[in-house]
Amino acid sequence: MEIGTIGAGALAQALAKRALKAGHKVKLSNSRGPDSLQEIVNQLGPGATAATTEEAAACEMVLLAVPWDNVPGTLASLPKWNNQILIDGTNPFHGKAGDFTPADVGNLSTSQLVAGLAPGARVVKAFNHMIVPNLEADPVVNGARRVAFVSADDDDAKKRVETLLETFGYSVIDLGNLRDGGLIQQAGGPLAGRDLLERGES
Ligand SMILES: NC(=O)c1ccc[n+]([C@@H]2O[C@H](COP(=O)([O-])OP(=O)(O)OC[C@H]3O[C@@H](n4cnc5c(N)ncnc54)[C@H](OP(=O)(O)O)[C@@H]3O)[C@@H](O)[C@H]2O)c1
């Protein structure tokens with residue numbers, strides 16, 4: 001599996017490390033172009049490459065990992081989606097990373113809003129509930145597996161992200177659609193930031 005990332009900051013790099021460990025490839029991109037990412041991809045090692053946002057978005061699975069305020073502009077700048085899976089890892093906070101001023105998203109879940117800005121993409125909500133140090137840590141803790149949540153309106157896309165997360169080592173819980181599941185795991189929801197462990201087979 002080759003995963004593209006739109007954004008190459010803390011979340012995208014943590015996902016990249018996890019994906020590379022599981023044997024996948026990662027194409028990272030940001031707004032400043034591939035040259036600005038050489039040091040990062042060198043540090044990530046074999047399997048990581050620097051790309052333009054267009055190249056990253058052409059992967060069959062793409063992580064959206066930009067600050068919330070940049071989501072509309074970023075998505076508007078990309079070519080039309082052609083059924084790729086877009087994993088929405090964003091949270092609705094204004095400002096830069098570490099600024100937790102909540103953004104008003106009206107009556108939609110944040111991923112419904114993202115889906116509306118990315119017609120043709122199959123949006124799956126995942127990763128947003130995990131803080132980066134937990135994502136960077138081993139998914140298996142004393143024999144128990146860290147729990148990851150997925151929500152989507154497209155069942156096939158959700159299943160494929162679930163399978164991806166299982167290759168990382170997570171125990172995955174399907175929270176339902178973008179509306180209901182999204183609200184549960186997004187910032188402000190009851191599962192946001194939770195680091196749960198599951199023991200035994202699931
Ligand atoms: N940090 C966490 O623990 C965590 C956990 C879960 C979810 N999240 C969410 O994930 C998102 C990203 O968070 P982060 O912590 O990774 O932020 P970050 O470290 O600030 O990284 C943001 C990345 O987005 C890139 N970017 C900004 N505008 C862009 C554009 N128009 N096109 C392409 N790339 C663009 C930035 O690079 P350039 O400015 O160079 O383009 C940077 O690589 C946020 O919505 C956050 O709420 C964060």
Side-chain angles (χ1 to χ4, degrees), residues 3-19 26-44 48-59 62-79 81 86-105 108-115 117-118 121 123-137 139 146-151 161 165 168 170 175 181-189 191-196:
I3 304 161
T5 76
I6 310 296
L11 178 60
Q13 289 180 45
L15 172 282
K17 287 176 197 160
R18 232 1 78 239
V26 184
K27 252 183 199 175
L28 295 110
S29 75
N30 64 9
S31 67
R32 289 172 295 130
D35 288 349
S36 68
L37 289 169
Q38 278 315 321
E39 202 179 318
I40 287 171
V41 295
N42 288 345
Q43 279 169 4
L44 286 170
T49 51
T52 63
T53 53
E54 290 80 3
E55 288 164 344
C59 292
V62 183
L63 173 75
L64 181 64
V66 301
W68 182 254
D69 290 334
N70 296 16
V71 167
T74 304
L75 291 174
S77 73
L78 295 173
W81 294 88
L86 178 61
I87 304 174
D88 175 25
T90 66
N91 276 313
F93 298 121
H94 288 305
K96 289 187 183 298
D99 180 347
F100 296 115
T101 309
D104 182 7
V105 293
L108 298 174
S109 74
T110 57
S111 289
Q112 283 180 299
L113 204 147
V114 166
L117 296 169
V123 175
V124 178
K125 183 79 168 162
F127 295 115
N128 75 286
H129 68 91
M130 293 176 163
I131 58 167
V132 160
N134 290 345
L135 192 51
E136 286 183 332
R146 283 201 149 89
V147 172
F149 303 114
V150 291
S151 318
V161 174
L165 288 167
F168 290 5
Y170 294 112
L175 294 178
L183 288 173
I184 295 172
Q185 62 170 306
Q186 73 185 40
L191 294 180
R194 305 300 286 266
D195 184 27
L196 308 181

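Atoms within a ligand are numbered from 1 in the order they appear, just like the ligands themselves.
Within ligand 1, counting atoms from 1 as listed, the ones closer than 4.0 Å to a heavy atom of Asn91 are 7 (C), 9 (C), 45 (O), 47 (O). Close contacts of ligand 1 with Ile131, meaning ligand atoms under 4.0 Å from a residue heavy atom, involve 3 (O). Using a 4.0 Å cut-off to heavy atoms of Ala65, the atoms of ligand 1 that qualify are 11 (C), 12 (C), 22 (C), 23 (C), 24 (O).
Residue-level proximity to ligand 1 for Thr53 is carried by the side chain, the only part with a heavy atom below 4.0 angstrom. The part of Asn70 lying near ligand 1 is the side chain, judged by heavy-atom distances below 4.0 Å.
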*asked:* Assess the residue pair Leu135 and Phe168 against the criterion (side chain to side chain contact (heavy atoms under 4.5 Å, CB included)); give the C-alpha distance rounded to whole Å, side-chain angles, the decisive distance to 0.1 Å, and a yes or no.
replied: CA-CA 10 Å; Leu135 192 51; Phe168 290 5; 5.8 Å; no
*asked:* Does Leu44 form a side chain to side chain contact (heavy atoms under 4.5 Å, CB included) with Lys17? I'd like the steps, not just the answer.
replied: CA-CA 7 Å; Leu44 286 170; Lys17 287 176 197 160; 3.6 Å; yes
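Between His129 and Phe149, the two ring planes are tilted [angle within 30° to 60°].
Between Gln185 and Ser151, the side chains place a donor N or O and an acceptor N or O closer than 3.5 Å (distance only, hydrogens not considered). Side-chain contact of Asn30 with Ser36: a donor-acceptor pair under 3.5 Å is present, judged by distance alone.
Here's the thing with Val132: one of its N/O atoms is less than 3.5 angstrom from an N/O atom of ligand 1.
For the side chain to side chain donor-acceptor pair (under 3.5 Å) with Asp88, the qualifying choice from Gln186, Lys125, Gln112 is Lys125, the only one to do so.
For Gly73, the heavy-atom gap to ligand 1 stays at 4.0 angstrom or more.
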